[in-house]
Amino acid sequence: MSKIFPKSANRLPLQILIFLVLFGGVAMAGVTYYMTPKYTRVGYAPVQPVPFSHALHAGQLGLDCRFCHSNVEKSGHSNIPSSQTCMNCHNQVRKDSALLAPVRSSYETGEAVPWVWIHTTPDHVYFNHAAHVNRGVSCVECHGKINEMDVVAQAKPLSMGFCIECHRNPKTRVREKADVFNLDSQTIAAKAGVEAGMKFISDWKIKPPESCSGCHR
């Protein structure tokens with residue numbers, strides 16, 4: 001047999017094992033990086049039926065988030081504004097613009113404008129908008145600087161790791177209630193120090209759940 005296989009063949013099983021371990025490690029690293037929400041979701045900016053600029057409305061004009069998303073403080077779901085909300089202004093402003101045709105059609109027919117949803121969580125995840133904004137968590141923490149976006153894009157991964165990181169360290173993420181919808185405001189910790197942030201979460205009895213049942217119900 002030694003005349004058929006050279007001595008170097010004795011090392012072949014070990015070489016194959018090392019190759020499989022290295023290949024498996026590289027494959028796992030690739031999947032871990034390229035299949036995470038940070039890679040697959042951040043930057044998602046679909047084309048909408050109406051080119052609505054948050055930079056103009058929320059930034060330049062200073063509209064409060066709640067003018068359009070009126071249920072965000074009262075509901076677990078942040079509602080998309082109806083065409084009636086849009087037409088409150090646009091029955092006078094740019095009322096004949098071709099870009100606003102879907103809004104006018106929706107207003108006249110009662111059929112919703114087919115907006116494309118951007119910020120979503122899996123069906124098995126429970127998230128309550130009211131619970132967050134009423135405890136000092138600004139829109140910026142999850143959505144980024146919306147007031148600077150002409151086209152809204154997903155700025156944060158909204159992954160489990162992203163949420164858990166905030167739940168474990170809320171003192172650096174909360175704002176005074178008056179600053180929650182001021183998208184240019186700073187957190188309490190940034191303005192007055194971490195101790196001030198700790199006092200806020202203590203006074204407001206903020207205890208974000210870290211167990212599975214907190215978000216998976």
Side-chain angles (χ1 to χ4, degrees), residues 32-33 36-45 52-81 117-122 125-216:
T32 300
Y33 179 76
T36 58
K38 186 174 183 179
Y39 186 86
T40 58
R41 296 185 193 171
V42 172
Y44 175 56
F52 181 89
S53 170
H54 279 76
L56 171 62
H57 292 79
Q60 184 178 333
L61 299 179
L63 289 183
D64 191 291
C65 304
R66 293 164 290 186
F67 183 81
C68 295
H69 305 289
S70 55
N71 290 337
V72 70
E73 292 181 293
K74 301 171 286 186
S75 171
H77 173 71
S78 178
N79 60 300
I80 293 175
W117 210 267
I118 301 174
H119 303 90
T120 61
T121 55
V125 175
Y126 172 79
F127 179 86
N128 187 306
H129 271 86
H132 287 75
V133 298
N134 288 324
R135 283 296 181 270
V137 180
S138 173
C139 313
V140 173
E141 294 299 324
C142 295
H143 299 298
K145 294 300 292 294
I146 291 286
N147 59 323
E148 297 178 359
M149 298 182 187
D150 278 316
V151 177
V152 173
Q154 183 161 333
K156 308 293 179 71
L158 306 184
S159 62
M160 184 171 72
F162 172 83
C163 297
I164 287 294
E165 181 182 351
C166 185
H167 278 214
R168 289 174 176 168
N169 194 28
K171 61 182 177 292
T172 62
R173 304 296 183 94
V174 291
R175 287 168 169 76
E176 296 287 355
K177 188 170 176 59
D179 288 338
V180 168
F181 297 101
N182 176 2
L183 305 185
D184 292 319
S185 65
Q186 292 183 311
T187 63
I188 294 172
K191 291 196 298 184
V194 174
E195 289 187 1
M198 293 177 66
K199 183 178 185 303
F200 182 87
I201 65 173
S202 175
D203 292 345
W204 282 72
K205 297 180 174 57
I206 299 173
K207 298 179 180 179
E210 296 181 32
S211 64
C212 302
S213 60
C215 300
H216 302 293

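The first residue of the sequence shown is numbered 1, and numbering continues consecutively from there.
Side-chain atoms of H167 do not come within 3.5 Å of backbone N or O of E210 as any donor-acceptor pair. Although no hydrogens or angles enter the test, the distance criterion places a donor-acceptor pair under 3.5 Å between the side chain of H69 and the main chain of N79. Looking only at distances, a side-chain donor or acceptor of K156 sits under 3.5 Å from a matching main-chain atom of E141.
No more than 12 heavy-atom neighbours from other residues, nucleotides or ligands sit within 6.0 angstrom of CD on E195. Around atom NZ of K199, no more than 12 heavy atoms belonging to other residues, nucleotides or ligands sit under 6.0 Å away. Crowding of M198 atom CE: a count of heavy atoms from other residues, nucleotides or ligands under 6.0 Å not exceeding 12.
When every heavy atom of A155 is checked against every heavy atom of H143, the shortest pair comes out as CB-O, 3.8 Å. Here the closest non-hydrogen pair linking Q154 and P157 is NE2-O, 3.4 Å. What you find for R135 and F200 is that their closest heavy atoms are O-CE2, 3.9 Å. The two residues M149 and G144 make their nearest non-hydrogen contact at CE-C, 4.5 Å. Closest approach of L158 to T120, counting heavy atoms only: CD1-O, 4.5 Å. Listed here is the closest heavy atom pair of Y44 and W117: CE2-O, 3.8 Å.
Between R175 and T187, some side-chain heavy-atom pair lies under the 4.5 Å cut-off. Counting heavy atoms from C-beta outward, N134 and K177 have side chains that approach closer than 4.5 Å. Using a 4.5 Å cut-off on side-chain heavy atoms (C-beta onward), R173 and E165 make contact. With a 4.5 Å cut-off on side-chain heavy atoms, R66 and K74 do not count as touching. Inter-residue side-chain proximity for S75 and H129 is flagged as unmet; no heavy-atom pair is nearer than 4.5 Å. By the 4.5 Å heavy-atom criterion applied to side chains, I146 and V140 are not counted as neighbours. For the pair K207/I201, no side-chain contact is recorded, criterion being any heavy-atom separation below 4.5 Å from C-beta on. Side chains of F127 and H119 form no contact here, defined as non-hydrogen atoms less than 4.5 Å apart.
D179 and S138 share no donor-acceptor pair across their side chains, judged by distance under 3.5 Å alone.
Note that NE2 of H132 and SG of C142 are 6.5 Å apart. Values are rounded to the nearest 0.5 Å. Taking SG of C65 as the reference point, atom CG of L183 lies at 4.5 Å (rounded to 0.5 Å). How far NZ of K191 is from OG of S185: 6.5 Å, rounded to the nearest 0.5 Å. Of the inter-residue distances, the one linking N182 atom CG with D64 atom CG reads 9.5 Å to the nearest 0.5 angstrom. A distance of 4.5 Å separates NZ in K145 from CG in D184, rounded to the nearest 0.5 Å. Note that OG of S70 is 11.5 Å distant from CD1 of I80, once rounded to the nearest 0.5 Å.
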Check against side-chain contact (heavy atoms from CB on, under 4.5 Å), W204 and V174 = CA-CA 11 Å; W204 282 72; V174 291; over 6 Å; no
